[in-house]
Protein chains: 2
Amino acid sequence: MPKTKILIADDNRQITSVLGEYAKKEGYEVHTAADGGEALELFALLKPDIVLLDVMMPKTDGFEVCREIRKTSTVPVIMITARGEDFEKIMGLDIGADDYIVKPFSPGEVMARVRAVLRRIENANPQKAQTLVYGSLSVNLDDYSAAVGGENVPLTKKEIELLWTLAGNRNKVFSRDNLLNSLWGYDYFGDSRTVDSHIKRLRAKLDARSHPDWEIKTIWGVGYKFEGKSDET
Amino acid sequence: MPKTKILIADDNRQITSVLGEYAKKEGYEVHTAADGGEALELFALLKPDIVLLDVMMPKTDGFEVCREIRKTSTVPVIMITARGEDFEKIMGLDIGADDYIVKPFSPGEVMARVRAVLRRIENANPQKAQTLVYGSLSVNLDDYSAAVGGENVPLTKKEIELLWTLAGNRNKVFSRDNLLNSLWGYDYFGDSRTVDSHIKRLRAKLDARSHPDWEIKTIWGVGYKFEGKSDET
DNA sequence: CGCGTTCGCCACAAATTTGCCACACAGGGC
DNA sequence: GCCCTGTGTGGCAAATTTGTGGCGAACGCG
């Protein structure tokens, strides 16, 4: 899977730099533009997967850039503005941005929005089957179902997500905090023992059926992992 | 695994206190500073894993502290400020903070940001192999497992970490204090003979399987080392 | 607005690891 | 060989960490 391309346009080079660093570290391929004209050029050239646009830029401003982009593309666009006054304008149909962010922002917040928008787009294209199979286990994120040995096991949303995460990274140990971050979100603030509760319920349901080829194992003092016992791929 | 160290600098003792409590509850090792000078001192001394800096502090302000820190370190820094006006300055390259929080904040929000930044840093360094192989020995920190001659050897967390440290620095001698500092943390208060106990248990488990190509050796009057006997890389 | 689920969390029990002691033993200097 | 100091080791109780039953609160759904 090629990297997701992100185009960041802001005339403040410091801001593009900081956001760019963040984006790179999250695994995006980053390109930056310092004004509207450059942004449009790079857009045509690179076909990025998402665009971050500052509203205030010299010559061609963010509104204009977004409008231009929308003539040829439905690529997700997130606008950055100094204050909230432009809300209606930005989100309105004549501009058609997908989200907007008000300064001051934190880079983490921006990246969260980027992820959210990309996820939204992704979910709107239900092309690829979200199914995971390992031995006697199969987990399906499309319809949130799971089966052991061919027989359906009714699991709740959180249980499915937990199983999906663990089984999708076979043998990797997840700390409770890892799991809280992945499943509950980075801004969740609560008891990490909650993870134990879900593991408990998950095990109880799964163990109702036999599955000698794998198990959810506790790594004492560390966390949990999905351990496969055969040597399947 | 030693605790993550967090340094919180704010001249308002109520703020450091509340944030400190929250951070402790999340398992961080917390240190606080009441002004910029103290923050820099503690920073040099403790090498924290993340720093929370209030912009407004007596004498040396948060900007200055961050700039100083950046001269020697890329440790994540989160700045706290009263209002958004300093946004561009903080996020700019000449300061180089990693995130930005505006007062009033909720402690939960702050901790969420801390987690997010730490996670980002962590994810940005996926390069280091979490697997160590030397001859008949392999140690894996991803799944906290170890094997000798292909056969899995169940080890506890401390044993794995001890083995990882020793084997990862082949032929280097570690004093008991070295090991206490690395594995237990510099503030651990206890008997250094505890290390012997772990070496004992580690040897017992490892020696259950044959491994003629290496051994954990005692250097009399000094400490322990992992000695490789072949001339493998 | 009820009703059945799901979810987060608590409290207590169980399981496991860990730190340390005590004593035996080994190493090194004289 | 003798003594002093450092190390190996069995054992144990304390400290941690995890398993689990259960209970409201929140949620989702007619």
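Chain letters run A, B, ... following the sequence lines, proteins first, then strands; residues in each count from 1.
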Discussion item. Quick check: any donor-acceptor pair below 3.5 Å linking the side-chain of B:Arg201 to the base of C:dG19?
Written reply: yes

[options]: which one has an atom nearest the side-chain heavy atoms of [X]?
{"X": "A:Arg193", "options": "D:dT20, C:dT18, C:dC9", "answer": "D:dT20"}
{"X": "B:Trp220", "options": "D:dT7, C:dC21, D:dT9", "answer": "D:dT7"}
{"X": "A:Lys200", "options": "C:dC20, D:dT18, C:dC9", "answer": "C:dC9"}
{"X": "A:His198", "options": "C:dC7, C:dT18, C:dC10", "answer": "C:dC7"}
{"X": "A:Thr156", "options": "C:dC7, C:dC20, C:dG8", "answer": "C:dC7"}
{"X": "A:Tyr188", "options": "C:dG8, D:dT20, D:dT7", "answer": "C:dG8"}

Worksheet entry | Nucleotide D:dT18, atom C1' - distance to CD1 of A:Ile216 in whole Å | 15 Å

Worksheet entry | Note: A:Asp213-A:Lys229 ion pair, threshold 4.0 Å (strictly below) | no

Please tell me if [X] has a side-chain N or O lying less than 4.0 Å from either OP1 or OP2 of [N].
{"X": "B:Thr218", "N": "D:dG8", "value": "yes"}
{"X": "B:Tyr224", "N": "D:dG8", "value": "yes"}
{"X": "A:Trp184", "N": "C:dG8", "value": "yes"}

Discussion item. So which atom in A:Asp196 and which in A:Arg176 form the shortest heavy-atom distance, rounded to 0.1 Å?
Written reply: OD1-NE, 2.6 Å

Worksheet item: Taking the six-membered ring for Trp, is the centroid-to-centroid distance between B:Phe174 and B:Phe226 below 6.0 Å?
Response: no

Worksheet item: Any idea how A:Trp184 and A:Tyr188 line up, ring-wise: parallel (<30°), tilted (30 to 60°), or perpendicular (>60°)?
Response: tilted

